[in-house]
Amino acid sequence: MASRRSTPDSTPRRPGVLRWLWYALSGRLPMRYRDWVLHDLSTPTWPLRHLARLVVPLVPVAVVLVLVLPVPWSVRVTAVVMGSVIGLLFSFVFLNESTDRRAMRFGYPSGAAEAARQERRATRSLAKAAEEFRRDGRSRRFPP
C-alpha cells in the first residue's frame, strides 16, 4: 500500500485507532505520521482535537474513581466531574504550549503549529475574498 503524500489540499495519512489512542496518551507515533501530527495540531478543529486527546485517557480513570471511592455515589460523581472540569480548564490554559511541544516532538521548530494555523487562516481568508470578489464583480456594473 503506497502512503499518501501531503499536499495543501489533502489530509496526510492518519494513524489507526490503536495508534491514535497511543498518541492521545502522549505516546510517540512513527515519523511517517509527522505530516498528520502537524495537520492535527493546525486544522480548524484543533482545539476540539486537543479536547479529545485529553478526554480519552481521562474517561477510564474517572470510571475507576467513581467505582472505587468509598463515599456516597453523589460525592463520587461530583468529585470526579469537578476534578475533570478543573483539569480540562487547566489544560486549555496551556493549549498553545501543549500543541507546540507536541509538534516539536516530531521535529518541527517551535511555533510551527501556530504558523501552520495562521497559514491555513490566511489561505481560507484569501479564498473567501476571491469568491466575494468574483461574486461582487459579476453583480456590479462598473462605469465605462
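Computation of the quantities below employed the complete heavy-atom set of this structure, encompassing side-chain atoms and omitting hydrogens, waters and symmetry-equivalent molecules. One is the number of the first residue; the rest follow in order along the sequence.
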* Check ion pair E114-R120 (N to O, under 4.0 angstrom) -> no
* **R134 and E131 ion-paired at < 4.0 Å** => yes
Could you check whether any side-chain N or O of [X] sits under 3.5 Å from a backbone N or O of [Y], counting only pairs where one atom can act as donor and the other as acceptor?
X	Y	answer
R76	P70	no
S98	F94	no
R105	S26	yes
R117	L41	yes
D35	P12	no

Do [X] and [Y] share a hydrophobic cluster (ILVMFWY, side-chain heavy atoms under 4.5 Å, transitive)?
X	Y	value
V59	W22	no
L65	V56	no
L25	V17	no
V85	V66	yes
M82	V63	no

* Determine, stepwise, if the pair W20 / L29 fulfils side-chain contact (heavy atoms from CB on, under 4.5 Å). => CA-CA 8 Å; W20 185 87; L29 292 174; over 6 Å; no
* Asked: Between R14 and D40, does a salt bridge (charged side-chain N to carboxylate O under 4.0 Å, His left out) hold up when you go through it step by step?
  -> CA-CA 9 Å; R14 297 177 53 101; D40 183 55; over 6 Å; no
Quick check: closest heavy atoms across [X] and [Y], and the distance to 0.1 Å?
X	Y	value
L54	S91	CD1-OG, 3.1 Å
A62	V80	CB-CG1, 3.4 Å
T78	S74	OG1-O, 2.7 Å
A112	D100	N-OD1, 4.1 Å
P57	V61	O-CG2, 3.7 Å

[atom1]-[atom2] distance between [X] and [Y], expressed to the nearest 0.5 angstrom:
X	Y	atom1	atom2	answer
E97	S110	CD	OG	9.5 Å
F92	L88	CZ	CG	7.5 Å
L51	L95	CG	CG	10.0 Å
N96	H50	CG	NE2	9.5 Å
R124	K128	CZ	NZ	10.5 Å

Are any of the side-chain heavy atoms of [X] and [Y] separated by less than 4.5 Å?
X	Y	value
L58	R53	no
P30	R19	yes
H39	R49	yes

* Does the cation-pi check pass for R28 over F106, that is, NZ or CZ under 6.0 Å from the six-membered ring centre and within 45° of its axis? -> yes
* To do: Using a cut-off of 6.0 Å, state whether more than 12 heavy atoms not belonging to M31 lie near its atom CE.
  => yes
* Do other residues, nucleotides or ligands put more than 12 heavy atoms under 6.0 Å from the CD atom of E119? -> no
* Asked: Less than 6.0 Å separating the ring centroids of Y23 and W36?
  -> yes
* **Other ILVMFWY residues reachable from M104 by side-chain steps of under 4.5 Å** => none
